[in-house]
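Note that this is a predicted model, so its numbers are computed, not measured. Position 1 is the first residue of the sequence; numbering continues from there. Indexing begins at 1, ligand by ligand and atom by atom, following the structure's order.
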Amino acid sequence: MNFEFTDEQKELKAKVRDMVDKHVLPRAAQIDSTSEIPWDVMKIMADMGLFKFLIPEEYGGSGKGDLRALELSIIREELSRGSCQVDAIYALNGLGSYSITHSGTEEQKRKYLPPIAKGEMLACMSLSEKNAGSDAAALSTTAVLDGNEWVLNGEKIFASNSKVAGVIVIFATVDKSKGANGITAFIMDPKVSKYEVRPFQVLSPHDIGEIILKDTRIPKENVLGEVGHGFRVAMKTLDVLRTSVGAAAVGLAQYALDITIERVKSRVQFGKPLAEQQITQDRLADMATEINAGRLMTLYAAWLKDSGTRKSVTLESSMAKWWCTEMAQRVVDKCLQMWGGYGVMMDYPMQRLYRAVRAPRLYEGTTEIQKVIVARELLKLYPDPVKA
Ligand SMILES: Cc1cc2nc3c(=O)[nH]c(=O)nc-3n(C[C@H](O)[C@H](O)[C@H](O)COP(=O)(O)OP(=O)(O)OC[C@H]3O[C@@H](n4cnc5c(N)ncnc54)[C@H](O)[C@@H]3O)c2cc1C
């Protein structure tokens, strides 16, 4: 067992932390107050080669044949220390591109992955619909083949990065009666297909909206994977990316703890700093321990994926996702309490973290759905009792 990062991983972590300290944290309040993409930060991240970690080497990235879950976790933990919006944009590029990486044809990969690796193009993955959230297989957007094009009709919701994406991996059914086996993934290119994006606001702003498809035409060759295999494409992507949601939650919780420790060391009430009160110390100990546990959980799940030790990392990935996002919520709430009234003042940082920490418990599968998955995977590990 080796708990050390490689020299390259240590360097990566230090580089991202330095970039976040210099270019993100000083203006995090502004970045996280609007759904506008901070393009200058994206440019810095692109110049640093951060988007390359999402893409295999053959297509201009730096992943060895696949997305590197460990590096993705390292990067997301550091980015979310700075801004949940910056982290979300980065992660969504992974969500949008990874389906192409594992299920795309050679031609699709050559066309769409290099610009994502260079940071020239943002990606989006659009699965959810109004009546198909947790039960994504119930989606009702239809795809009908008409000559050399698929014609899509329906409405997607919660499509992050949808306004700015240069490529959208979108899911529709070719035969609703087949349930999950009718779902097909498509690569929708805004330069080729016509659709409408209706943005809306969420608690912690980022670019998110509905995608309205009205006779939207997608070239036949833009089917991603096989017709009817779209649900598998989506699940394979989420399986890997979920671990990194856990890592982002750890980063957010760590930042909340860092600034709260500074606060309780300097805030004097009853003649001494709050940090000297035992009840404060009890909370600090709880939070530091929980963050440490969460970090180990995400890094383990990421290592498991990268090492290829196990074919499926679904169990560990879902565990890391639900536990770390719930943990981050507990930590941020406790931290805010320790800031007293300043915790909810808009000029202070805690309210921003409090808003940011909520959505990760919902997206890429809610906590409840992760627990359904964990229990399902767990039960598989135990043989059925022999029937009498
Ligand atoms: C900020 C944000 C960004 C998002 N980005 C994207 C994106 O880029 N692309 C995309 O496709 N989607 C995205 N989503 C959608 C997200 O994945 C869904 O919101 C999520 O899967 C839950 O679906 P729902 O909102 O329809 O809730 P519902 O499915 O209606 O669930 C409501 C509640 O019921 C619970 N529930 C549901 N089923 C069960 C069950 N079997 N047992 C127990 N409890 C259950 C849920 O856990 C939840 O608490 C995003 C969501 C948010 C909030």
Student: Judged by modelled atom types alone, do S83 and D32 share a side-chain donor-acceptor pair under 3.5 Å?
Tutor: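 Indeed, the side chains of S83 and D32 share at least one donor-acceptor pair under 3.5 Å.
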
Student: Is any heavy atom of the protein nearer than 4.0 Å to atom 2 (C) of ligand 1?
Tutor: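 Protein heavy atoms within 4.0 Å of atom 2 (C) of ligand 1 - there is at least one.
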
Student: Which of these, R267, Q277, R283, sits in a side chain to side chain contact (heavy atoms under 4.5 Å, CB included) with M338?
Tutor: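 Result for side chain to side chain contact (heavy atoms under 4.5 Å, CB included) with M338: R283.
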
Student: Given A359, S160, A91, S204, which has its nearest heavy atom closest to atom 4 (C) of ligand 1?
Tutor: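 Considering heavy atoms of A359, S160, A91, S204, the nearest to atom 4 (C) of ligand 1 sits in S160.
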
Student: I'd like to know if atom 49 (O) of ligand 1 has any protein heavy atom within a distance of less than 4.0 Å.
Tutor: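 Yes, there is one.
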
Student: Any protein heavy atom sitting closer than 4.0 Å to atom 7 (C) of ligand 1?
Tutor: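 Under 4.0 Å from atom 7 (C) of ligand 1, at least one protein heavy atom found.
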
Student: May I ask you to say whether K163 pairs ionically with E36, meaning some side-chain N is under 4.0 Å from a carboxylate O?
Tutor: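 Here K163 pairs with E36 in a salt bridge, since their nearest N and O are under 4.0 Å apart.
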
Student: Any protein heavy atom sitting closer than 4.0 Å to atom 11 (O) of ligand 1?
Tutor: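 True for atom 11 (O) of ligand 1.
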
Student: Using a 6.0 Å distance limit plus a 45 degree cone around the ring axis, check whether K220 lies over the aromatic ring of W150.
Tutor: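 No, K220 and W150 do not form such a contact.
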
Student: Taking only heavy atoms of E364 into account, list the atoms of ligand 1 that are under 4.0 Å away from them.
Tutor: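 This gives 17 (O) as the contact atoms.
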
Student: Look at atom 34 (O) of ligand 1 and say whether a protein heavy atom is found at less than 4.0 angstrom from it.
Tutor: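 Looking at atom 34 (O) of ligand 1, one finds that no protein heavy atom lies closer than 4.0 Å.
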
Student: Within 45 degrees of the ring normal and closer than 6.0 Å to the centroid, is that where the cationic atom of R330 sits relative to W323?
Tutor: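 Geometry flag: set, cation within 6.0 Å and 45°.
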
Student: Please work out which of A136, A138, S134 has its closest non-hydrogen atom nearest to atom 31 (O) of ligand 1.
Tutor: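 Comparing heavy atoms across A136, A138, S134, the nearest one to atom 31 (O) of ligand 1 lies in S134.
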
